[in-house]
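Scroll down for the structure; my scribbles are underneath it.
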Amino acid sequence: MKVTYNHKEIEKKWDGAWKVNPVNVDDGKKEKYYCLDMFPYPSGHGLHVGHWRGYVISDVWSRYKLMQGYYLIHPMGWDAFGLPAENYAIKNGIHPSISTAENIANIKRQINQIAAIYDWDREVNTTDPDFYKWTQWIFVQMFKAGLAYEKEMPINWCPSCKTGLANEEVVDGKCERCHSEVTKKNLRQWMLKITAYADRLLDDLATLDWPEKVIKMQTEWIGRSYGAEIDFPVEGSDKKIRVYTTRPDTLYGATFMVLAPEHVLSASLAVEETKAAVDKYIFDASMKSNVDRMADKEKTGVFTGSYAINPLNQAKIPIWISDYVLADYGTGAIMCVPAHDDRDFAFAKKFDLPIIPVISPDGQDVGEMEEAYTGSGIVINSGEWNGRDSAELKEAAPAEIEERGIGTKKVNYKLRDWVFSRQRYWGEPIPIVHCPKCGNVPVPEDQLPLVLPDVESYQPTGTGESPLAAIDEWVNTTCPCCGAPAKRETNTMPQWAGSSWYFLRYVDPHNQEKLVDREKADKYLPVDMYIGGVEHAVLHLLYSRFYTKFLNDIGVIDFNEPFKKLFNQGMVCGRDRETGAATKMSKSLGNIVSPDDMVRDYGCDALRLYELFIGPPELDSIWDERGIDGVYRFLCRLYSLVMSNLESNVEATDEMIRTWHKMVCDITKRLESFSLNTVVSGFMEYTNKLTEISKKEGGLDRETMETVIRLIAPFAPHIAEEMWQAYGHEQSVFDSRFGWPTYDEALTKDDEIEIGVQVNGKVRCTIRIPVDISQEEALAKAKEALGDKLQGEIRKEIYVPGRIINIVAK
RNA sequence: GCGGAUGUGGCGGAAUGGCAGACGCAUCAGACUCAAAAUCUGACGGUGGUAACAUCGUGUGGGUUCAAGUCCCACCAUCCGCACCA
C-alpha cells in the first residue's frame with residue numbers, strides 16, 4: 001500500500017496543538033527542566049535560517065525532556081530596547097514603540113512556524129513598563145548597595161551612535177554595533193561596580209558546564225593577575241612613583257621606569273631641557289586614537305630628565321614617558337626589566353638603555369642578549385636573592401617586599417567597571433533624581449516604573465545629553481527626599497540591562513509585587529540549559545552572571561549562577577557564489593535565506609530535520625537549499641512505511657526486535673551527546689533497514705512502528721502526532737505517561753557479526769562469526785577464509801572480539 | 001605575537017585506536033511513461049584491470065602501535081578570540 005505524505009494537511013491539522021499543552025503540567029511531582037533560548041532582538045529583517053537552527057535545537061531538547069517526564073519551562077520573549085530599534089525608527093520616521101511592536105508580531109509569526117512548544121503565557125518584553133519596572137528596581141538596589149555610582153571620566157564614545165559604550169562593546173577599537181571607530185570623550189557617567197564581583201565571577205566559572213571557549217574568554221576578560229605595588233622615590237624630590245608589577249622577583253633588573261602620558265606626574269617630572277619635548281609627547285599622545293596607539297608596533301617615548309631610586313638597591317634609573325603604558329591599568333606606571341620582558345626589551349634597544357639580566361636559564365653568566373628571556377631559571381645579579389629559583393621567588397617576592405616595607409601585595413584585573421548610561425532615547429530611564437541639596441536620590445520604589453516619556457524628537461543629540469534632556473516637564477521634578485525642585489537623570493540604560501535578568505522573570509512574569517516570587521524562583525530556577533550564539537561570551541553572559549550574584553546577595557534568589565549548562569550553536573553561513581567560501585549571512589551580502597518559503601514548500605518538520613542534518617550543531621555550516629529534498633524524501637518514505645503497516649498483523653521477528661532496540665540505543669546516545677546531525681542520519685539508516693525487513697517479511701509489527709514514531713517526535717512533531725493518532729492513541733505522543741522509549745542492552749547486540757580479517761594490518765576479507773566464538777575458532781575461520789592470501793611465517797595473531805582479526809606474517 | 005577551533009570524495013558530512021567515506025545532495029545508468037516530472041533499482045575517491053582483484057588515499061613531514069582520520073612531535077592553511085594589562 002502506498003501512502004502519500006502531505007505535509008500541508010498534516011501540519012495544518014496539528015498547528016498549535018502544543019500551544020495549549022495538556023502534557024506539560026506541573027503536577028508537583030515532576031522535576032523541573034528549564035530550557036532557555038537567548039531571546040531575540042526583534043529586528044525589522046525577521047528571522048533567517050540561522051536563527052531557526054538555534055530554536056530547533058532547543059525545541060528538540062525541550063520536547064525530549066518533556067517526554068522524559070520533566071515539567072518544562074521553555075519560554076520566549078523580546079529584547080526590544082536598544083540602538084537598532086531606535087535607528088530603524090529614525091530612518092523610517094516611525095516611533096520605536098510602533099516599529100518594535102510590528103517587528104515582534106512578524107518574528108512571532110515566524111517563530112510559530114517552528115512549532116516550538118514555547119509557553120507564551122510566560123512571554124516577556126523588556127520594553128514593557130511592567131517588566132522594566134524591575135530593571136529599574138534592580139538599579140535602585142545597586143545604587144543603595146553602592147554598586148551604581150556616578151563618575152566623570154573619559155569613556156568610549158561612538159560618534160555614529162552618539163553614545164557612550166561599555167568596554168565590552170568595543171571590538172578592535174570599533175563600535176560593536178555599527179563598526180565606527182570609537183573615540184574617547186569625557187562624560188559624566190553612571191557606572192556599575194562589576195569589578196567588585198571580579199573574583200567571584202572568575203572563581204565560579206569552575207562550577208559551570210559551559211564550553212571551554214567561553215570560560216576561557218571570560219577568564220581572560222576578567223584578567224586577574226597577582227603581583228606587588230612598589231614605591232620608587234624620585235631623586236631630589238619628595239615625590240614617589242608607585243608601580244604595579246607581576247614580576248617583583250626581577251626588581252634588581254629594573255633599569256628604567258615608564259609612565260603613561262596621562263599619568264598625573266608625567267608633565268611635572270620634566271626638567272628645563274626636556275620640558276618642551278615632554279609636553280609635546282603628552283599632547284601628541286592625547287591626540288592619538290586608541291586604534292592608532294595599538295597599531296603602532298614601533299615604540300615611542302621621551303625621557304623626562306628625572307630619575308627614580310630603586311628602593312631595593314638604591315640604583316638610580318631614568319624615568320621615561322611612553323604610550324605603551326596604559327593609564328587606566330595598575331598605577332599607570334611600570335618598572336622596566338628589559339632583560340625579561342619583550343616590550344621593555346624593545347624599548348631599551350630603541351633608546352639604548354641598559355639591560356641587566358637577573359635570571360639565568362642554567363645559572364651561568366648571561367652574555368649579550370638577543371631577546372628578552374621570559375622563562376624561569378636561577379636568580380643572578382640580585383644581591384641576597386642570588387641562587388634562588390626564579391619561579392619560587394616570583395611567588396615569594398610580594399610578601400618579602402611587603403615585609404621590608406618597600407611595597408605591598410596587589411591583585412589586579414583587566415575587567416573595568418561597566419559604563420552603564422547611554423545618551424539615547426530608546427532604553428529604560430535611569431531612576432535617579434538629582435537634588436541640589438540631597439544629591440543623587442533614587443526614585444522611590446512605589447513610584448516605579450519610571451515610564452519612558454513619549455517624545456517628538458528621539459534623535460540622538462550628540463552632545464552627550466540624551467534626547468530626554470529636552471523634555472522640560474519630564475526633567476523638572478521634585479526631590480523625593482526633601483521636596484525641593486530637582487532634575488531627573490536623563491540618560492537611559494544600555495541594551496544589556498533587561499537581558500541581564502529576563503530569565504528570572506519568565507518563572508513569574510505577571511507578579512506585580514515582586515521581581516519574582518521567591519518560592520517560584522526556588523522551584524524553577526536556575527536555567528538548566530541555555531542555547532544561543534557565542535557572540536555574547538563576554539557581554540550578556542558576563543552581565544547576567546553579575547546580576548545573578550547581586551540578586552543572590554540581596555536575597556531575591558537563592559543561587560549565584562544563572563545558567564548551569566550552555567550550548568553555543570554554530571552559525572549558518574551562505575555560500576559565496578564565486579569562491580564557494582562560507583560567508584556570514586547578512587543583508588548587505590544579500591545571501592540571507594528566509595525560512596518562510598521553505599516552510600511553505602517542504603513543511604516545518606522537513607525544515608526542522610534539515611536544520612539539524614546540515615552538520616554538527618556546535619559548528620558553523622553552509623546552507624545549501626538543495627539538500628532539503630533529501631530529508632523531505634525521507635519523511636515521505638517514513639510516512640509511507642509506518643502508515644502502510646497500520647493494519648499489519650505481522651508477528652515481531654527477532655530481527656525486528658533487535659533492530660528497534662538498537663535504534664533506541666543509538667538515537668538516545670546520539671541525542672544525549674547533542675550529535676543531532678547523526679540522529680537524523682540515524683533515522684534514515686533505520687528507516688532504510690526497516691524497509692528492507694518489511695519487504696522481506698511482508699510487513700512490520702506494531703511495537704517497532706510505534707517506537708519509530710516516539711523517537712522521531714521531538715524532531716518532527718507534526719508527522720509523529722499524525723502517525724501516533726493513526727495508530728489509535730488519543731493522547732499526544734508527548735504525554736509523559738508514554739515516556740521516552742527504553743531499550744534492553746542485550747537486545748542491541750547480534751548473535752552473529754561480520755568482522756574484517758587483516759594480514760599485516762590490511763583487510764583481505766571478511767567473515768561471519770558468532771559473537772561468543774573463542775579466539776582459536778575465530779582465528780581458524782579467518783585463516784580458512786584467507787586461503788593463499790596468507791603467506792609466510794605467522795609472527796603474531798590478534799583477535800579483538802567484535803572488532804578485528806589481524807594476522808602478522810612474514 | 002598569544003590562545004582556541006577546523007582541515008576526510010564534486011558538495012554537506014560519518015567513523016569508543018580496529019573493514020575510511022555511514023547518511024544525504026549532485027551526477028550517471030536502468031525501470032515506469034507517448035513524453036516529462038515524481039517514484040523505484042543500481043553505480044558513484046584516484047590509478048590499473050572486462051572482472052576477481054591490486055594499489056594509492058583523511059592538509060604536509062616525522063613518530064608510537066599488530067593496527068592511526070583518531071595518539072605524540074614539528075609544520076602549513078583557514079576561521080575565531082585576545083592583543084602593549086607590565
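All values below come from the heavy atoms of this structure, side chains included, with hydrogens, waters and symmetry mates left out. Predicted model, so just to flag it, every value in this text is computed and none were measured. Quick note on labels: first sequence line is chain A, next is B, and so on, each numbered from 1.
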Just call it for A/Gln758: base, sugar-phosphate, or nothing, with non-hydrogen atoms closer than 4.0 Å on any strand. base
Take atom C1' in B/rA54 and the same atom in B/rG61, then report the distance between them in whole Å. 27 Å
Measure from the side chain of A/Lys299, starting at C-beta and using heavy atoms only, and say which of B/rA86, B/rC19, B/rC84 lies closest. B/rC84
Angle between ring planes, A/Tyr639 versus A/Tyr5, binned at 30° and 60°: parallel, tilted or perpendicular? tilted
So, OP1 or OP2 of B/rA14: does either fall under 4.0 Å of a side-chain N or O from A/Asn677? yes
Establish, with yes or no, whether the OP1 or OP2 oxygen of B/rC23 is under 4.0 angstrom from a side-chain nitrogen or oxygen of A/Arg670. no
Examine the side chains of A/Thr195 and A/Asp417 and answer whether a donor and an acceptor come within less than 3.5 Å of each other. yes
Distance test, side-chain N/O of A/Arg633 to OP1/OP2 of B/rC25, below 4.0 Å: yes
Roughly how many Å apart are B/rC84 and B/rG7, using the P atom of each and rounding to a whole number? 31 Å
Need one value for A/Val808: base, sugar-phosphate or nothing, where a base atom within 4.0 Å counts as base even if backbone is also close, heavy atoms only. sugar-phosphate
Between A/Phe613 and A/Tyr610, what is the ring plane arrangement, given parallel below 30°, perpendicular above 60°, and tilted in between? tilted
Inter-nucleotide P distance (B/rC11, B/rA26), Å rounded: 15 Å
Candidate nucleotides B/rA20, B/rC82, B/rA26, ranked by approach to the side chain of A/Asp629 - the nearest: B/rA26
Only Watson-Crick and G-U wobble pairs with both distances less than 3.5 Å should count. Give RNA chain B in dot-bracket notation, marking inter-strand partners with |. (((((((..(((.....[....))).(((((.......))))).((((....))))..(((((..]....))))))))))))....
Pairwise C1' distance for B/rU70 and B/rU8, with rounding to whole Å: 12 Å
Pick base, sugar-phosphate or nothing for A/Thr245, based on heavy-atom distances below 4.0 Å to the nucleic acid. sugar-phosphate
Can you list every pair that meets salt bridge (charged side-chain N to carboxylate O under 4.0 Å, His left out) and has a residue in residues 241-250 of chain A, with sequence neighbours left out? A/Glu229-A/Arg242, A/Asp231-A/Arg242, A/Arg247-A/Asp249
Does a side chain donor of either A/Tyr252 or A/Asn310 reach within less than 3.5 Å of an acceptor in the other side chain? no
Report yes if a side-chain nitrogen or oxygen of A/Tyr324 is closer than 4.0 Å to either non-bridging phosphate oxygen (OP1 or OP2) of B/rA86; otherwise report no. no
I need the CG-C1' distance between A/Leu676 and B/rG12, as an integer number of Å. 16 Å
Sole candidate of A/Ile334, A/Thr304, A/Val243, A/Val325 that passes side-chain contact (heavy atoms from CB on, under 4.5 Å) when paired with A/Met257: A/Val243
Same-atom distance (C1') from B/rA68 to B/rG17, integer angstrom: 7 Å
Looking at A/Arg764, does any N or O in its side chain come under 4.0 Å of the phosphate oxygens OP1/OP2 on B/rU55? yes
Listed once per pair and sorted, the salt bridge (charged side-chain N to carboxylate O under 4.0 Å, His left out) pairs that draw on residues 208-222 of chain A, sequence neighbours left out: A/Asp209-A/Lys565
Judged by atom type as modelled, is there a donor-acceptor pair below 3.5 Å linking the side chain of A/Asn412 to the main-chain atoms of A/Ser225? no
Would you say CD of A/Glu672 has more than 12 non-hydrogen atoms from neighbouring residues, nucleotides or ligands within 6.0 angstrom? yes
Hey, does A/Asp328 reach any base, or is it just sugar-phosphate, or nothing, if we go heavy atoms under 4.0 Å? nothing
Give a yes/no on whether any side-chain N or O of A/Asn806 is located under 4.0 angstrom from OP1 or OP2 of B/rC19. no
Is A/Arg626 close enough to B/rG12 that one of its side-chain N or O atoms is under 4.0 Å from OP1 or OP2 there? no
Which part of the nucleic acid does A/Arg637 contact within heavy-atom distance under 4.0 Å: base, sugar-phosphate only, or nothing? sugar-phosphate
5′-ward residue of the pair A/Tyr244/A/Gly630 relative to RNA chain B: A/Gly630
Torsion-based syn/anti label for B/rG9, 90° from 0 as limit: syn
Starting at the 5' end of RNA chain B and moving along, which residue's nearest nucleotide shows up first, A/Gly802 or A/Asp341? A/Gly802
Taking B/rC66 as the reference, what is the distance to B/rC80 when you measure between their P atoms (whole Å, please)? 43 Å
Hey, is the side chain of A/Ser681 poking within less than 4.0 Å of OP1 or OP2 on B/rG13, counting only N and O atoms? no
With a cut-off of less than 4.0 Å, is there a side-chain N or O of A/Lys762 near OP1 or OP2 of B/rC53? no
If we take the P atom in both B/rG59 and B/rC44, what is their distance in whole Å? 23 Å
Between B/rU50 and B/rG12 - P atom distance, rounded Å: 34 Å
Among the nucleotides B/rC23, B/rG3, B/rC84, which one has an atom lying closest to any side-chain atom of A/Lys216? B/rG3
